[in-house]
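Note that the structure is predicted; figures quoted are calculated from it, not measured.
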Amino acid sequence: MSFLINSLVLGLAAVSVSASPAYTPFQAELPIPEVAVPDFSITTKDGRTVQSYSITIEQFTKQVYPNLGAATMVGYNGQAPGPTFRIDRGVETVIRFLNKGTNNAAVHLHGSFNHAPWDGWANDEMAPNQWKDYYYPNLESGRSIWYHDHTDEITAVNAYFGQAGTYIIHDPAEDALGLPAGDYDVPLALSDKTYDNNGALVSPAGQTFNFFGDTIHVNGQPWPFMNVEPRKYRFRLYDMSLSRAYDLRLQHAAGTNVNFQVIASDSGLFGAPVTTNTLVMSMGERYEIVVDFSGLAGKNLTMLNAFTAAGTTAFTNTDKVMRFVVGNSVSDTTNNGVVASTLNANIDYPTSRTTVDHTFSFQLGGGGARWTINGVPFSDVNNRVLAKPPQGATELWELRHAGGPAVHPVHIHLVNMQIISRTGGRGSVLPYESAGLKDTVQLQPGETVRVLALYGPWDGLYMFHCHNLIHEDNAMMAAFNVTLLTELGYTESSFNDPLDARFKAKPYKAAAFKLANKKKAVNKLAALNPYASASKLIAAADAHYAATPLAGEKRTAPPVARATAFVA
C-alpha cells in the first residue's frame with residue numbers, strides 16, 4: 001500500500017510542468033507531410049517489386065511560436081511528423097534508417113506483421129552514427145499504420161521530439177469503392193506538447209506517471225485550420241500522443257455535433273461504415289472517417305476533444321483540436337458519392353474461441369518497477385516472456401486494467417485482434433471497435449477486455465505493451481514467443497530472433513551509402529525472400545487446427561479464403 005501511495009504522489013507531481021505561452025487556436029494552416037519517394041526499385045527474379053527508401057534521424061529546428069525562439073526537435077528527415085509513406089499492397093519496402101541524432105533509436109512499423117528482426121524490438125538499437133535496413137512486407141490488407149521510435153526506456157522522449165510518421169498501405173482493390181482519394185484523403189496525426197517561454201519544447205524525460213501537454217497538435221501544428229471544399233473527405237486519424245486519449249466530435253458554431261462515418265480502424269476497412277458523432281481513441285490507435293462538408297459551404301466546423309476520464313489532465317484549449325473552413329465551390333467531384341454499404345467482405349476474423357488462454361494485469365507497481373504487466377517489468381529478461389502461443393494458433397487473451405488513474409492502451413505486435421467483450425468501466429464494446437480488426441485497444445480504469453487473435457503467420461519473439469509511452473518506458477512491456485509448429489511443414493525459421501546478428505545496426509561508413517552498394521544490400525535482402533511463405537503458412541495452420549482444434553475452439557473448417565484475404 002505504501003508503494004501505491006508513494007507512486008501516486010510522485011507520479012502526479014512529476015506531470016506538473018510549466019504552462020506553454022498563450023497560443024491562439026486556428027491561426028495557422030494544417031501542414032501536410034511530404035510523401036516519401038523511393039531512392040530506387042528492384043524487380044526480383046520471381047517478379048516481386050522492392051522499393052528502397054532512406055530516412056535520416058536528425059536534429060532540426062522549427063518555428064512554432066511566431067514571436068519566440070525556435071523549438072529544437074529530432075525527427076525523420078528533419079521533419080515532425082516524418083514523411084508519409086504511401087505503398088501499394090504487395091510492394092515490399094526496405095527502409096534504411098541512419099541515426100544522426102544524439103539518442104539511441106529503434107524503429108517499429110506499428111500495424112505490420114514484420115519478421116522479428118525488423119519489428120523494432122526495444123533492445124535492437126541504433127546508436128548515434130549507426131544505420132539499419134528494415135525490411136517490410138506490406139502484404140496485408142490496405143490500412144493506416146505508422147512508424148515510430150521504440151527504444152527501451154526512451155521511446156516517449158524520442159517520439160515526442162519528432163520520431164513518428166504515417167505509413168499508408170493502399171490496396172488497389174479499394175479504388176472500386178469510390179472513397180475520397182488524392183487531395184481528399186488526408187492523414188491527421190494528433191499529439192500534445194508543452195513549450196517554455198522561449199518557444200522550446202518541454203521534455204517528458206523523467207516523467208513516470210503520465211505526460212499531458214497543454215498544446216494540441218495536428219500534423220505538428222498547434223490547433224491548425226484546414227480549408228476544405230463542400231464535399232466528402234477521408235481523414236486518417238492517428239493518436240500519436242504520449243498519454244492523452246481523445247473523444248472526438250465535429251461541431252457547428254451553434255454547438256451541434258455533426259455525424260460522420262467511420263470506415264476503418266487499425267487493421268483496415270470495416271465490413272460496413274459506422275455512423276456516429278463521437279469517436280474515442282487512445283494512444284497508438286487509428287481510425288479512418290469520411291466527413292461530408294457538402295451542406296456546410298461558407299461555414300466552419302470544429303473538431304473538439306471531450307475526453308476527461310481516467311486521470312487525464314485538461315488545460316485551456318485542450319478541448320479543441322482543429323478547425324475546418326468550408327469553401328463555396330468544389331473543384332473535383334471524383335469519388336464524392338455515397339459511401340458503399342459494403343466496404344470489406346473478407347475481414348479475416350479469428351476462429352471463435354471460448355477458453356481464455358492468458359490473463360494479463362496492467363498494473364501500478366510490481367517487480368520493483370513503476371508500471372508492470374502481471375508484476376513483471378520488461379527489464380526482467382528471465383521472466384518477461386509471458387506467453388508462448390503455438391504458431392498459427394488462435395488465442396483469447398484477457399486484458400485487465402489493474403491500477404493507476406490512467407488509460408492503458410494495449411498494443412500487441414504482429415497480430416490483428418478482434419475485441420470480444422468489455423466489462424467494467426464503459427461496460428460494452430463500441431460499434432466502431434467491433435466493426436473490424438485492431439492492434440491496439442484502450443483500457444480505462446476498472447475495465448477488462450477480451451481480445452481474440454491468430455498468432456502468426458511467423459514464429460518469433462515479439463512485444464506487447466501499454467502504448468501510454470510513459471508507462472512503456474517505465475517497464476509496462478512484456479514479450480510473447482510464437483513457437484515454431486513443425487507440423488506445418490517448416491522445420492526451422494530464419495527470422496525469429498529480434499536480435500539476429502545478420503540484421504543488426506552497423507556503424508556508418510560512406511561506402512555503404514553509395515548507390516551501387518545500397519542496391520547490392522537491397523538485392524541481398526530481397527534474395528532471402530523472407531515473406532514468401534505467408535499464404536502457405538496460413539493455409540497449413542488452418543488445415544492443422546481444423547484437424548486438431550484447440551480446447552474451447554469452435555472450428556469446423558478453415559475460414560474461407562483466409563490466405564487470399566489476409567495476404568496478397
Undergrad: Going by side chain to side chain donor-acceptor pair (under 3.5 Å), name the residues that satisfy it together with K62, two or more places apart in sequence or in a different chain.
TA: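 Once residues adjacent in sequence are excluded, K62 has no partner under the side chain to side chain donor-acceptor pair (under 3.5 Å) criterion.
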
Undergrad: So, the side chain of D500 versus the backbone of R502: is there a donor-acceptor pair under 3.5 Å, distance only?
TA: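 Yes; judged by distance alone, with no hydrogens or angles, the pair exists.
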
Undergrad: Looking at D439 and R143, does any basic side-chain N land under 4.0 Å from a carboxylate oxygen?
TA: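 No, this pair does not count.
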
Undergrad: Taking T359's backbone N and O only, do any of them form a donor-acceptor pair with N374's side chain (distance below 3.5 Å, no angle check)?
TA: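 Yes, because the side chain of N374 sits within donor-acceptor range (under 3.5 Å) of the backbone of T359.
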
Undergrad: Determine, stepwise, if the pair S282 / Y246 fulfils side chain to side chain donor-acceptor pair (under 3.5 Å).
TA: CA-CA 6 Å; S282 57; Y246 297 85; over 6 Å; no

Undergrad: Could I get the full list of side chain to side chain donor-acceptor pair (under 3.5 Å) partners for E58, not counting sequence neighbours?
TA: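 For E58, no residue satisfies side chain to side chain donor-acceptor pair (under 3.5 Å) once neighbours in sequence are set aside.
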
Undergrad: Would S20 and K193 count as having a side-chain donor-acceptor pair, cut-off 3.5 Å?
TA: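 Per modelled atom types, S20 and K193 side chains form no pair under 3.5 Å.
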
Undergrad: Using 30° and 60° as the class boundaries, would you call the ring planes of F209 and H471 parallel, tilted or perpendicular?
TA: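 Ring orientation of F209 relative to H471: perpendicular.
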
Undergrad: Ignoring hydrogens and geometry, is there a side-chain-to-backbone donor-acceptor pair from H148 to H110 under 3.5 Å?
TA: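 Not at all, since once roles are kept as given, no pair shorter than 3.5 Å links the two residues.
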
Undergrad: Quick one: does Q27's side chain have a donor or acceptor within less than 3.5 Å of a partner on P25's backbone?
TA: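 Yes.
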
Undergrad: Quick one: does any side-chain atom of K509 pair with a main-chain N or O of A511 as donor and acceptor, under 3.5 Å?
TA: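 No, K509 side chain to A511 backbone: no donor-acceptor pair under 3.5 Å.
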
Undergrad: Less than 3.5 Å apart, any donor N or O on the side chain of Y65 or Q63 sitting next to an acceptor on the other?
TA: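 The criterion, which ignores hydrogens and geometry beyond distance, is not satisfied for Q63 and Y65.
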
Undergrad: Between N114 and D119, do the side chains contain a donor N or O and an acceptor N or O under 3.5 Å apart?
TA: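 A pair is found: one side chain offers a donor N or O, the other an acceptor, under 3.5 Å apart.
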
Undergrad: Would R422 and E447 count as a salt bridge (charged side-chain N to carboxylate O under 4.0 Å, His left out) if you check the C-alpha gap in whole Å, the side-chain angles of each, and the deciding distance to 0.1 Å?
TA: CA-CA 7 Å; R422 183 185 293 279; E447 289 188 328; 2.8 Å; yes

Undergrad: If we only count heavy atoms from C-beta on, is the L248 to L237 side-chain gap below 4.5 Å?
TA: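 In short, these two side chains touch, coming nearer than 4.5 Å.
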
Undergrad: Is there a side chain to side chain donor-acceptor pair (under 3.5 Å) between T208 and R370? Walk through the geometry before answering.
TA: CA-CA 7 Å; T208 58; R370 176 54 53 86; 2.7 Å; yes

Undergrad: If every non-hydrogen atom of F161 is compared with every non-hydrogen atom of P204, which pair is closest and at what distance?
TA: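 So the minimum-distance heavy-atom pair works out to CE1-CD, 4.0 Å.
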
Undergrad: Look up atom CZ in F378 and atom CD1 in I373, then write down how far apart they are to the nearest 0.5 Å.
TA: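 Answer for the CZ-CD1 pair, F378 versus I373, is 9.5 Å.
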
Undergrad: Taking all atoms of both residues into account, what is the closest heavy-atom pair of D473 and V157, and its distance?
TA: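 D473 and V157 have their closest heavy atoms at OD2-N, 4.4 Å.
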
Undergrad: Enumerate the residue pairs fulfilling side chain to side chain donor-acceptor pair (under 3.5 Å) with a member in residues 93-106, sequence neighbours excluded, ordered by first and then second residue.
TA: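 Sorted result for residues 93-106: T93-N138, T93-Y167, R96-D133, N103-N158, N104-E125.
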
Undergrad: Should F495 and L528 be marked as a side-chain contact (heavy atoms from CB on, under 4.5 Å) after you check the CA-CA gap, both sets of side-chain angles, and the distance that decides it?
TA: CA-CA 10 Å; F495 308 104; L528 295 173; 4.2 Å; yes

Undergrad: Does E288 offer a backbone N or O that forms a donor-acceptor pair with the side chain of R236 under 3.5 Å?
TA: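 No: the side chain of R236 does not pair with the backbone of E288.
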
Undergrad: Going by heavy atoms in the side chains, are E398 and H358 under 4.5 Å from each other?
TA: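 When only atoms from C-beta onward are counted, H358 and E398 do not touch, as no gap falls below 4.5 Å.
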
Undergrad: Any sub-3.5 Å donor-acceptor pair from T61's side-chain atoms to A71's backbone N or O?
TA: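 Between the backbone of A71 and the side chain of T61 there is no qualifying donor-acceptor contact (under 3.5 Å).
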
Undergrad: Could you label the plane-to-plane angle of the Y135 and Y531 rings as parallel, tilted or perpendicular, counting under 30° as parallel and over 60° as perpendicular?
TA: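 If you compare the ring of Y135 with that of Y531, the planes turn out perpendicular.
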
Undergrad: Test D185 against R86 for salt bridge (charged side-chain N to carboxylate O under 4.0 Å, His left out), laying out the working first.
TA: CA-CA 11 Å; D185 177 0; R86 288 186 178 267; 3.5 Å; yes

Undergrad: If we ignore hydrogens and angles and just use 3.5 Å, is the side chain of S243 paired with the main-chain N or O of N468 as donor and acceptor?
TA: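 The answer is no, because no donor-acceptor pair under 3.5 Å joins these two groups.
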
Undergrad: Carefully, step by step, assess I470 and N210 under the rule side-chain contact (heavy atoms from CB on, under 4.5 Å).
TA: CA-CA 6 Å; I470 301 299; N210 292 295; 5.5 Å; no

Undergrad: In Å, rounded to the nearest 0.5 Å, how long is the span from CZ of F225 to CG of L30?
TA: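 The distance works out to 9.5 Å.
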
Undergrad: Using 0.5 Å steps for rounding, measure from the NE2 atom of H401 to the CZ atom of F362.
TA: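 Here the interatomic distance stands at 10.5 Å.
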
Undergrad: To the nearest 0.5 angstrom, please state how far the CZ atom of R244 sits from the CG atom of D214.
TA: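 These two atoms lie 8.5 Å from each other.
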
Undergrad: How about Y455 and Y462: are their ring centres within less than 6.0 Å of each other?
TA: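 No - the distance between ring centres of Y455 and Y462 does not fall below the 6.0 Å cut-off.
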
Undergrad: Nearest 0.5 Å please: distance from the CG atom of L399 over to the NE2 atom of H408.
TA: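 With rounding to 0.5 Å, CG (L399) is 11.5 Å from NE2 (H408).
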
Undergrad: With ring-ring contact (aromatic ring centres under 6.0 Å, His included) as the criterion, how do F480 and W397 come out once you've worked through the C-alpha distance, each side chain's angles and the decisive distance to 0.1 Å?
TA: CA-CA 12 Å; F480 62 95; W397 287 12; 5.8 Å; yes

Undergrad: Evaluate ring-ring contact (aromatic ring centres under 6.0 Å, His included) for W118 paired with F503, printing each intermediate quantity in order.
TA: CA-CA 8 Å; W118 302 296; F503 310 114; 4.8 Å; yes

Undergrad: Given 3.5 Å as the limit, does a donor-acceptor pair link the side chain of N77 with the main chain of T56, or not?
TA: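 Yes, because the side chain of N77 sits within donor-acceptor range (under 3.5 Å) of the backbone of T56.
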
Undergrad: Evaluate side-chain contact (heavy atoms from CB on, under 4.5 Å) for E34 paired with T84, printing each intermediate quantity in order.
TA: CA-CA 6 Å; E34 68 179 34; T84 293; over 6 Å; no

Undergrad: Mind checking whether H465 and H411 have parallel, tilted or perpendicular rings, split at 30° and 60°?
TA: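 If you compare the ring of H465 with that of H411, the planes turn out perpendicular.
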
Undergrad: Tell me if the aromatic rings of Y147 and F85 count as close, with their centers under 6.0 Å from one another.
TA: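 Centroid distance Y147-F85: below 6.0 Å, so yes.
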
Undergrad: Between H413 and H108, does the ring centre distance come in under 6.0 Å?
TA: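 Under 6.0 Å, so yes.
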
Undergrad: Do the side-chain N and O atoms of N416 and E140 include a donor-acceptor pair separated by under 3.5 angstrom?
TA: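 There is such a pair (donor and acceptor under 3.5 Å, judged by atom type) between the side chains of N416 and E140.
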
Undergrad: For residues L414 and F113, report the shortest heavy-atom separation together with the two atoms involved.
TA: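 Where L414 meets F113 most closely, the heavy atoms are O-CB, 3.5 Å.
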
Undergrad: Please report whether the ring centroid of F97 lies less than 6.0 Å from that of Y134.
TA: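 Ring centres of F97 and Y134 closer than 6.0 Å.
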
Undergrad: To the nearest 0.5 Å, what is the distance between CD1 on I32 and CG on N219?
TA: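 If I round to the nearest 0.5 Å, the distance is 5.5 Å.
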
Undergrad: Does a donor on one side chain and an acceptor on the other come within less than 3.5 Å for R286 and S144?
TA: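 No, because no side-chain N or O of R286 sits under 3.5 Å from a partner of the opposite role on S144.
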
Undergrad: Looking at T72 and L201, what are the two nearest heavy atoms and their distance?
TA: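 Scanning both residues, the minimum pair turns out to be O-CD1, 4.3 Å.
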
Undergrad: Locate the shortest heavy-atom distance separating P377 from A369; write the atom from each residue and the value.
TA: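 Minimum heavy-atom contact is CB-CB, 3.8 Å.
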
Undergrad: Given W121 and M463, is the side-chain contact (heavy atoms from CB on, under 4.5 Å) satisfied, shown in steps?
TA: CA-CA 7 Å; W121 179 259; M463 296 174 291; 3.4 Å; yes

Undergrad: Please confirm whether the backbone N or O of G213 pairs with a side-chain atom of D192, one donor and one acceptor, at under 3.5 Å?
TA: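 Side chain of D192 to backbone of G213, a donor-acceptor pair under 3.5 Å: yes, one is there.
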
Undergrad: Is it true that atom NZ of K506 has more than 12 heavy atoms of other residues, nucleotides or ligands lying nearer than 6.0 Å?
TA: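 Atom NZ in K506 is packed in, count exceeds 12.
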
Undergrad: Which pair of non-hydrogen atoms, one from Y23 and one from W223, has the smallest distance, and what is that distance?
TA: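 Smallest interatomic distance, heavy atoms only, reads O-CZ3, 3.8 Å.
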
Undergrad: So does K388 have more than 12 non-hydrogen atoms from other groups sitting under 6.0 Å from NZ?
TA: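 Atom NZ in K388 is not crowded, with 12 or fewer foreign heavy atoms closer than 6.0 Å.
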
Undergrad: Are K320 and N317 close enough, and set up right, to give a side chain to side chain donor-acceptor pair (under 3.5 Å), and what steps lead you there?
TA: CA-CA 5 Å; K320 304 175 181 66; N317 290 328; 2.9 Å; yes

